[in-house]
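Residue numbers start from 1 in every chain, and the chains themselves are labelled A, B, ... in the order their sequence lines are given, proteins ahead of strands. For the numbers below, each heavy atom of this structure counts, side chains included, while hydrogens, waters and symmetry mates do not.
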Amino acid sequence: MSFGSVGVLALCIYLVGLVVVAEFARRARVDTTPADHFLAGRGLGTFVLFLTLYATAYSGNSLLGYPGEAYRRGFSWIMATGFMMSIIVMFHVLAPKLRPLAVRHGFVTPGDWIRHRFGNEKAGKPLLIAISVLMAIALGNFLVAQLVAMGHVTSEVTGGQVPFPVGVIGLAAMILMYETLGGMRAVAWTDSAQGLLMAGGLLALLIWLVGEAGGLAAVSQAIGDVRPDAIRVPDAKEQANWASTIVLLGTASVVYPQAIQRIFAAKSGASLKRAFSLMTFMPLTTTLVVTLIGLAAIPRLAGLGEIQADTVMPRLLASWAELGPTQMLLAVLVFLGALAAIMSTADSVLLSLGSVIAVDLMGGDRDRPETTQLAKRVTAVAMVVAVGVALMPRLTLWSLIELKMELLIQAVPAFLIALHWRRLSALAALLGVAAGTLVAVGASLFIARRIGGIHVGVIGLAVNTAVVLVVTALRR
Amino acid sequence: MASRVRIGLLVAIGVLYVLSIPWYREAGALPAGGAAGGWLGLPDWVGVALACYVAIAVLNSLAWALTEVSDPNGDDEDDGS
């Protein structure tokens, strides 16, 4: 039996499993309110919460984009381990203050915080719309990145038996089905199994790669021989980019709507902090592992182009599978783990996108079951649009991540500063968002995505924060 | 006391992030001791960065253990509004 055929069979078994989980989740629902659909009735305990945070944070971007970027940049991509960890560090600024408020006031979407904090101000409504639009664009972008990754993985590992467009369309339909049936419960439960599968699969792949090369030192030596630039100390621009990426990812990721909604969905504050305590180690078991996998591919797969580098992982899996039946089985498990991780992120993003559009932008009542129905219709439309965009991939996966972060980071002052500073007004926050977004988008379109290695989103955030401070000072 | 320790841990994490970036080395230089001359057989500057990130994970986990994430008990919280 060929690797492609085993891949197709495993894919079918996996998809049937998802349907079963979705049905269990549907039966477990308490009611049809948005809180039950989007937050699983606020009942996620430490273990499920940790695994759903893990599976959501580590996505197609991590599993395909990061090895691809390590392949392109060399050892300086060790920065990825640092910036993924910075997300859990930055949650110290958000979670301890936001969580009690969310429980007390029954928040369902990130916009509920904006309504609570700025709702009695004239500029409160425009601010809500501005933040929600930024979030919807970022989520849409993130969804497209996951769909592209799903298509790549499915096509590569089934040996082309499931072509890229069929993989994208078929798996998108599957996600839409189980999310519509089971909401956050289906998402969190599938995430739990998917997270375990992903971590185990990646570790097995790394052990094979490093073992076959004769250890980490031999891998480093081989990289140095093939691509000396990959082991050199990064230049000043790359170092600035390193620092900028830590700020960009660490800061923007804490205002991911799907991450904020998991803060709301935790069973208790204690569950949440235990989940974060565990999450802080996951960059070492995941980001570092995929980085080393991408680096180990440099001497093995020489000469891949910019876009092709995103297929490093599936190419390695395919060559691993050629070594024998055991390796083939393990490679299929890694493939399923990767696919699971991608789908778990896509479903979380889609669920959040539906809630942000239905509740925050279209004004659906967060306590009425009709809003759940509206959100389900919205997610269906959003998925169709995202599939259309995903079928024409023009950017690398890493480019897609950076693009969404540069927009999302402009929402940071309305959350992180507003939580800690009573004097921040809706008008100041709104003007800050407008200025920061203009700088980030304008520079991105007409100058460059990075200036001196610094992301234009980070420069936009600096402008955004400065405007917030100046407007607040002028209104004293 | 726990709050002070937590703040101290977060400051230490900030310092480790600064140390993780190889600004202390000449840009474009080859690794000292060769490609595999650092910790775990990695280039030296990569080994330093990785050691910083391992330390950050440990300190951050401790910081979360010391963080109070309370659930509402009927009192109004300071919500910045």
In terms of heavy-atom proximity below 4.5 Å to chain A, should B:Trp23 be classed as side chain, backbone, both, or neither?
both

When only pairs under 4.5 Å are counted, which of A:Met79, A:Arg99, A:Met85 shares the most heavy-atom pairs with chain B?
A:Met85

With chain A as the partner, which of B:Gly38, B:Gly28, B:Ala36 has the greatest number of non-hydrogen pairs under 4.5 Å?
B:Gly28

Please state whether the side chain, the backbone, both or neither of B:Leu40 comes within less than 4.5 Å of a heavy atom of chain A.
both

Turns out that what part of A:Leu272 lies under 4.5 Å from chain B's heavy atoms comes down to side chain

Proximal component of A:Leu284, with respect to chain B [non-hydrogen, under 4.5 Å]:
side chain

Would you mind reporting whether B:Val15 and B:Val18 have side-chain heavy atoms less than 4.5 Å apart?
no

Chain B contact via A:Ala236 - side chain, backbone, both or neither, heavy atoms under 4.5 Å
backbone

Please classify the contact of A:Phe91 with chain B as side chain, backbone, both or neither, using a heavy-atom distance under 4.5 Å.
both

Any side-chain donor paired with an acceptor under 3.5 Å for B:Tyr53 and B:Ser20?
yes

A:Ile78 portion near chain B, given a 4.5 angstrom heavy-atom threshold
both

Heavy-atom pairs under 4.5 Å with chain A - which of B:Gly37, B:Gly14, B:Pro31 has more of them than the others?
B:Pro31

Compute whether any side-chain donor of one residue and acceptor of the other, for A:Asn241 and A:Arg73, lie under 3.5 angstrom apart.
yes

Could you report the tightest heavy-atom contact between A:Ile260 and A:Val254, atom names first, then the distance?
CG1-O, 3.6 Å

Bottom line for A:Ala102: the part with an atom under 4.5 Å from chain B's heavy atoms is neither

Can you tell which part of A:Leu288 gets under 4.5 Å to a heavy atom of chain B, answering side chain, backbone, both or neither?
side chain

A:Thr280 side-chain N/O to B:Asn60 backbone N/O, donor-acceptor pair under 3.5 Å:
no

Below 4.5 Å, heavy-atom pairs only: which of A:Ile417, A:Thr81, A:Leu216 has the largest tally toward chain B?
A:Leu216

When you check the side-chain N and O atoms of B:Thr67 and B:Arg6, is any donor under 3.5 Å from an acceptor?
yes

Kindly say whether A:Ala414 contributes a backbone atom to a donor-acceptor pair with the side chain of A:Trp113 at under 3.5 angstrom?
yes

Anything under 30° is parallel, anything over 60° is perpendicular, the rest tilted; go ahead and classify A:His116 against A:His105.
tilted

Contacting region of B:Leu10 [heavy-atom separation from chain A under 4.5 Å]:
side chain

When you measure from the side chain of A:Lys97 to the backbone N and O of A:His420, does any donor-acceptor pair fall under 3.5 Å?
no

Among A:Val103, A:Leu292, A:Ile88, residue most engaged with chain B (heavy-atom pairs, under 4.5 Å)
A:Ile88

